[in-house]
S.K.: 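Structure in structure tokens, see below.
Residue numbers start from 1 in every chain, and the chains themselves are labelled A, B, ... in the order their sequence lines are given, proteins ahead of strands.
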Number of protein chains: 2
Amino acid sequence: MFEIIDLPDSTTIAKLAQRYPMLEIPALEIWLILMRVSGDCQNDLDQFLARHNLSQRKFFVLILLMRNPTGLNVSQLAAGTGVSCATMTGVVDGLLNAKLVTREADEQDRRAFVVAITSTGQELLDRVLPRHYHRVSRIMSMLDETERTQLNGLLAKVRAGLATADA
Amino acid sequence: MFEIIDLPDSTTIAKLAQRYPMLEIPALEIWLILMRVSGDCQNDLDQFLARHNLSQRKFFVLILLMRNPTGLNVSQLAAGTGVSCATMTGVVDGLLNAKLVTREADEQDRRAFVVAITSTGQELLDRVLPRHYHRVSRIMSMLDETERTQLNGLLAKVRAGLATADA
DNA sequence: CAAATATTATTAGCCAGCTGAATATATGGT
DNA sequence: ACCATATATTCAGCTGGCTAATAATATTTG
């Protein structure tokens with residue numbers, strides 16, 4: 001989670017650039033800042049959710065289920081959150097244990113199960129989400145509308161850069 | 001690592017905002033984008049390092065050791081990368097196993113050990129870092145100098161926002 | 001100096017999370 | 001009816017993190 005405590009100072013980077021001539025200092029500098037903020041954002045969310053005994057994965061599953069009150073299959077949840085069915089089985093086990101979801105046989109497809117949010121699960125979301133959105137507003141209140149638009153555009157470019165970097 | 005595959009569309013967000021009136025839609029939208037790029041950046045680095053059998057943590061430890069050729073204590077490595085000594089012992093064990101570092105008794109402080117990078121470890125860095133810096137340049141080549149400065153400023157504001165969000 | 005306290009690092013035991021392979025079962029197309 | 005495919009679970013195995021207990025050594029203080 002990119003937890004290097006102190007980013008290298010310019011002297012350190014200059015030394016590295018001497019050893020590795022392909023190092024473009026301005027590119028590395030902004031990358032380091034981006035990675036650090038990335039890590040900070042992720043940690044921030046993880047720590048917030050941990051106070052409610054949730055991981056990002058469990059949180060997303062609950063939200064997906066809230067959006068689909070009739071329930072979703074394990075494979076749909078796995079696809080929607082980017083993990084294997086095996087992993088999702090484990091996540092659902094955890095949520096079942098905490099009585100936040102139910103898992104019942106699917107009547108349409110008898111290989112499958114339907115996972116659905118319980119009222120306990122919905123109550124948890126009703127407690128967590130308001131605080132969460134409040135945090136989001138606070139974090140993002142540092143940026144005005146123009147800045148948000150700017151950031152959006154810049155991040156889109158970064159994403160495009162990530163997509164090309166498969167070498 | 002924020003792997004919700006499809007960000008919610010505006011209809012979905014609007015429905016959420018109905019249920020949770022404190023949800024400020026523009027703040028949530030930019031936060032979602034930021035979190036997604038954060039996750040993408042982290043995944044990108046993790047996947048790159050995994051090809052060389054490294055985790056972020058191991059990578060940072062090696063870099064710290066390269067910067068300090070006389071070696072560092074376990075506690076210094078732990079502090080520098082934000083984990084407990086117990087965890088760092090495990091990380092160092094892994095690096096020892098791969099012959100990337102040595103661990104020897106500290107002569108100054110006989111409670112302590114000095115961990116130092118081996119020539120094998122340095123050779124690994126000499127193989128990994130050029131590719132890494134090349135990737136960094138590629139990712140960041142999407143932004144010109146003005147945009148980098150902008151991004152830097154915007155990310156600083158986000159960080160400031162994160163610092164205040166402890167509620 | 002001696003005793004109490006701190007620090008350093010390791011070990012052991014625990015848990016979350018992820019994967020791939022093997023398995024059982026059900027589906028759907030031919 | 002048959003065969004390939006899809007669904008989900010279980011299992012063994014890995015990483016990686018934590019705490020608490022322990023042992024050894026340093027440091028501070030009476």
S.K.: Please work out which residues in residues 85-96 of chain A have a non-hydrogen atom less than 4.0 Å from an atom of DNA chain D and list them by number.
M.R.: A/C85, A/A86, A/T89
S.K.: Is it the case that the ring center of B/H132 lies less than 6.0 angstrom away from the ring center of B/F59?
M.R.: yes
S.K.: Look at the rings of B/Y133 and A/Y20 and say which category their plane angle falls in: under 30° parallel, 30 to 60° tilted, over 60° perpendicular.
M.R.: tilted
S.K.: Heavy-atom nearest nucleotide on DNA chain C for A/R110 versus B/V74: which residue maps closer to 5'?
M.R.: B/V74
S.K.: Grab the N/O contacts between the protein and nucleotides 28-30 of chain C below 3.5 Å, and write none if there aren't any.
M.R.:
none

S.K.: Is a side-chain donor or acceptor of A/T118 paired with a backbone partner of A/K99 at a separation under 3.5 angstrom?
M.R.: yes
S.K.: Before accepting this row, confirm whether a basic side-chain N of the pair A/D126/B/R19 lies closer than 4.0 Å to the acidic partner's carboxylate O.
M.R.: yes
S.K.: Under 4.0 Å, heavy atoms only, any strand: does A/D106 hit a base, just the sugar-phosphate, or nothing?
M.R.: nothing
S.K.: Ignoring hydrogens and angles, tell me if any N or O in the side chain of A/D144 forms a donor-acceptor pair with the backbone of A/E147 under 3.5 Å.
M.R.: yes
S.K.: Does A/S84 or A/Q108 map to a spot on DNA chain C nearer the 5' end, using the closest nucleotide for each?
M.R.: A/S84
S.K.: Give a yes or no answer on whether the side chain of A/T81 reaches the backbone of A/L77 with a donor-acceptor pair at less than 3.5 Å.
M.R.: yes
S.K.: Counting only side-chain N and O atoms of B/R57, is one of them less than 4.0 Å from OP1 or OP2 of D/dT15?
M.R.: no
S.K.: Quick one: look up who D/dG17 pairs with, Watson-Crick or G-U, both distances under 3.5 Å, and put none if it's unpaired.
M.R.: C/dC14
S.K.: Do the side chains of B/D44 and B/R135 get close enough for a salt bridge, i.e. N-O under 4.0 angstrom?
M.R.: yes
S.K.: With a cut-off of less than 4.0 Å, is there a side-chain N or O of B/N73 near OP1 or OP2 of C/dT8?
M.R.: no
S.K.: Indicate whether OP1 or OP2 belonging to C/dG17 is found under 4.0 Å from a side-chain N or O atom of A/S55.
M.R.: yes
S.K.: Are the side chain of A/R148 and the backbone N or O of A/M140 linked by a donor-acceptor pair below 3.5 Å?
M.R.: yes
